[in-house]
2 protein chains.
Amino acid sequence: MARRPTIKDIARQAGVSESAVSFALNNRPGVSQDTRARIRRVAEELGWQPNSAARALSGEQSGAVGLVLARPAHTLGVESFFLQLVSGIQEVLAAGRIALLFQVVEDLDAECAVYRRWWAERRVDGVVVVDPRTDDPRPALLEQLALPAVTVGETGPVSVSSASSDSAPSDSVVPALSAVRADDAGAMAQVLDHLHGLGHRRIAHVAGMPGLAHTERRITSLRAEARRLGLGPGQVRSVTTDYSDAEGAEATRRILAEPEPPTAIVYDNDVMAVAGVAVASELGIPVPGGLSVVAWDDSALCRVTRPRLTALVRDTAGFGRLAAEELLALLAGGRPRSRESELPRLEPRESTAPPPAAY
Amino acid sequence: MARRPTIKDIARQAGVSESAVSFALNNRPGVSQDTRARIRRVAEELGWQPNSAARALSGEQSGAVGLVLARPAHTLGVESFFLQLVSGIQEVLAAGRIALLFQVVEDLDAECAVYRRWWAERRVDGVVVVDPRTDDPRPALLEQLALPAVTVGETGPVSVSSASSDSAPSDSVVPALSAVRADDAGAMAQVLDHLHGLGHRRIAHVAGMPGLAHTERRITSLRAEARRLGLGPGQVRSVTTDYSDAEGAEATRRILAEPEPPTAIVYDNDVMAVAGVAVASELGIPVPGGLSVVAWDDSALCRVTRPRLTALVRDTAGFGRLAAEELLALLAGGRPRSRESELPRLEPRESTAPPPAAY
DNA sequence: TTGTATGCGTTATCAG
DNA sequence: CTGATAACGCATACAA
């Protein structure tokens, strides 16, 4: 019962050599059509599956890729982002019979240690790198280990809501890793257009963790977009947090206590947005009557709270699928490349409205 | 750079045989203390790590365990439960240098297929089974495959909030799988005691997916507890959902439209609870003034919405740690056994209060 | 087109 | 205590 069939069993059963079986099962030339078919049938009957260890050992790939999530325990949990991302990644991986090794660690150092171990143990053929940072040690490490990788969530071109500057990416500079990028600048432009169009002139941004590429990117984009819209530097500002509801609430409290509080706040995730709404209502500030709120990333959370939150909708699972496709392409010998995910869509709901008339 | 050191390298460097290295590195007798130390040092210098494929091939274990999550895509995402669980599992696994294979699939059949494949490919040494069902095909399959497994979330003894009936679990019946159980009956007793103590006599229960063991368990426990408290069968009822905010809202709408609506509703997860509060307020029913709400499982969600939700707090990461420990024990040759996780704690917040006086 | 021989890195079984 | 040697299952270069 616990014995798995091997190609030897198949060879014996089909009356051929082991190598013939190997060829037949791997779609390689060197075996006639009928024997190939016969071997296939026998393998099917016996329920044969390749032994991943043996495959990996004989120079092939391990048939697994890895994903490490480096987040302090208390910040993970509520965000739907990762499960959706992983779900999308797997959809593609499963089709190629690739397994996903998943690991949650506390910090970046631990993450790097995991990569080293996976590499040394030959556990994975490649990795998906999430939460890219402005000063990120991982690309260099992965390149050094020659471990194929795709980063997900790097931010797009630095241009400010301008025409896509796809001007001949110099082929001489080969990126070490593939990347699936998000156009945070374009997204921020949408958000600001929406708020500015409603009449908001003082806008705050409760961002995520400092050091993350997309955090920094959104912060600079906010300033750039403000300039574009003719808003002064005193009219927009960003504060960073750890993504938790606690820090989101705290930041909101500080911001609303200022002498000239903003009339709109953009939150970098859904949990903080909801926490912000709660803080505002405790302070007697109605949403959206006295304060407009936008959540970056949509979720059930944004739809079940009242008022329903205006949110940036991204196809997170699609993001994951894209990442997995790029990784598979890399593993198949393709050159590293960069792909842009589709621009998020701003879904206006009940939490955004014109600023109070008194303003 | 991309070459990993092998024991052969170590043997040459240390001037001993390969088998000596293998013995030294695996804490086996048959090698003197100094050579052992020397070999260790050389291995350290060279940064040697065992090649997992080679280990797995030579009859050892693969050094990986699996976890499959079978959930339709739209129901996963908001629940903090799984990331927390996984986080706890890994904490224990990482200490034993065991990798976790994680896969998200659509349904139970696909989940079983994954187990078969993992088994055939020798990918994992064991699995963690979540979302146990009342009529579950997985234990039989795993037993047939001789794949060590621990189920997490099975419900505790059938006794109704009685003294723990730990009366000599008959040793003759050896369970096939280890289990980490949750005392849903005890938890339900706490919830009903709380609500009954506040004065509630008509209580509804918006449960999760039918067929899940804990769903059925909570439903029967609700009835049993009601009997204990002297409530008639017409005064309590459960409805099942798919855990989504949409079905949670829909169920709430139906329940509140009944001729004699309940004064309290218990929701099987946080998202549905929040959705339920929203529906109630849309119908002009204040929470907790006109309706009390309890959420099963706490999360940031329960703390950021207003009113803050009274919730059953469980140490989900601890749950995961327990599961991982049991699995490791099983892999180490231990006998399957069943462990009870600690009883959840009811955290009263703002969403529960005495029922309206008019009642 | 087919069968044979060898290697992958490790563990395990034997001899010395 | 040590050093060869054979598996483990698969891929592949090479010989028939």
Side-chain angles (χ1 to χ4, degrees), chain A residues 2-40 42-43 46-64 97 117-125, chain B residues 2-40 42-43 46-64 97 117-125:
Chain A
R3 214 185 92 73
R4 295 125 170 127
T6 72
I7 55 169
K8 193 175 289 182
D9 297 320
I10 300 177
R12 197 166 347 98
Q13 187 92 11
V16 295
S17 71
E18 293 180 42
S19 53
V21 175
S22 181
F23 281 148
L25 262 22
N26 290 317
N27 287 323
R28 308 181 84 86
V31 56
S32 69
Q33 282 306 325
D34 356 346
T35 45
R36 185 185 300 270
R38 185 156 44 91
I39 288 168
R40 280 256 169 78
V42 172
L46 265 48
W48 176 87
Q49 299 277 86
N51 179 317
S52 59
R55 272 227 165 129
L57 191 53
S58 58
E60 287 298 289
Q61 304 190 323
S62 74
R97 305 173 72 83
R117 188 153 51 79
W118 278 350
W119 171 81
E121 295 179 350
R122 268 194 161 82
R123 268 248 154 75
V124 299
D125 302 324
Chain B
R3 215 186 90 74
R4 293 121 171 129
T6 73
I7 55 169
K8 192 174 290 182
D9 298 321
I10 300 175
R12 195 166 350 97
Q13 188 92 12
V16 295
S17 71
E18 293 179 40
S19 48
V21 175
S22 180
F23 281 146
L25 261 22
N26 290 316
N27 286 324
R28 307 177 83 88
V31 56
S32 69
Q33 282 307 326
D34 356 346
T35 46
R36 185 185 300 272
R38 185 157 43 91
I39 288 168
R40 280 256 169 78
V42 173
L46 266 48
W48 177 87
Q49 298 278 85
N51 179 319
S52 59
R55 273 225 165 131
L57 190 54
S58 60
E60 286 297 288
Q61 304 191 322
S62 73
R97 303 174 72 86
R117 188 153 53 78
W118 278 351
W119 170 82
E121 295 180 350
R122 267 193 160 82
R123 267 247 155 74
V124 300
D125 301 325

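First the proteins, then the strands, lettered A, B, ... as listed; each starts at 1.
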Practice problem: Go through the steps to decide whether Val21(A) and Trp48(A) satisfy the test side-chain contact (heavy atoms from CB on, under 4.5 Å), and finish with yes or no. | Solution: CA-CA 11 Å; Val21(A) 175; Trp48(A) 176 87; over 6 Å; no
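Between Arg97(A) atom CZ and Gln49(A) atom CD the span is 4.5 Å, to the nearest 0.5 Å. With rounding to the nearest 0.5 angstrom, the OG atom of Ser17(B) is 7.5 Å from the CD1 atom of Ile39(B).
Using a 4.0 Å heavy-atom criterion, one finds that Arg28(B) contacts the sugar-phosphate atoms exclusively. Nucleic acid contact class of Glu121(A) (heavy atoms, under 4.0 Å, all strands): none.
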What nitrogen or oxygen pairs link the protein and nucleotides 14-16 of chain D at under 3.5 Å?
none

Considering only nitrogen or oxygen atoms on both sides, find all protein atoms under 3.5 Å from nucleotides 6-8 of chain C and state each distance.
unit_1 : atom_1 : unit_2   : atom_2 : d
dC8(C) : O2     : Leu57(A) : O      : 3.3
dC8(C) : O2     : Ser58(A) : N      : 3.4

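In this structure, Ser62(B) contributes its side chain and Ala56(B) its backbone to no donor-acceptor pair below 3.5 Å.
Between Ser22(B) and the phosphate of dT10(C), there is no side-chain N or O to OP1/OP2 separation shorter than 4.0 Å. For the pair Ser19(B) and dT11(C), the criterion of a side-chain N or O lying under 4.0 Å from OP1 or OP2 is not met. Between Arg55(B) and dT11(C) there is a side-chain polar atom (N or O) within less than 4.0 angstrom of OP1 or OP2.
Counting only residues at least two apart or in different chains, salt bridge (charged side-chain N to carboxylate O under 4.0 Å, His left out) contacts with residues 23-38 of chain B are absent.
Residue Ser52(B) comes nearest to Glu121(A) through the heavy atom pair OG-O, 2.8 Å, listed as atom of the first residue, atom of the second, then distance. For the pair Arg40(A) and Ala24(A), the tightest heavy-atom approach, listed with the atom from each and the gap, is NH2-O, 3.3 Å. Considering every non-hydrogen atom in both Ala14(B) and Val42(B), the closest pair reads CB-CG2, 4.0 Å. Summarising the geometry of Leu57(B) relative to Ala53(A), their closest heavy-atom pair is N-CB, 3.9 Å, with the distance given to 0.1 Å. When every heavy atom of Ser32(B) is checked against every heavy atom of Thr35(B), the shortest pair comes out as OG-OG1, 2.6 Å. What you find for Ala43(B) and Leu25(B) is that their closest heavy atoms are CB-CD1, 4.2 Å.
Stem list for DNA chain D (at least 3 consecutive Watson-Crick or G-U pairs, distances under 3.5 Å): C:3-16 with D:1-14.
Taking Glu18(A) as the reference, Ile7(A), Lys8(A), Ala11(A) meet the side chain to side chain contact (heavy atoms under 4.5 Å, CB included) condition, with sequence neighbours excluded.
Residues from residues 9-17 of chain B lying near DNA chain C, meaning a heavy-atom separation below 4.0 Å, are absent.
Rounded to a whole Å, the CG atom of Asn26(A) is 10 Å from the P atom of dC10(D). What separates CD of Gln61(B) from P of dC8(D) is a distance of 18 Å, to the nearest Å.
Leu46(A) is listed as a side-chain neighbour of Ile10(A), based on a closest heavy-atom distance under 4.5 Å.
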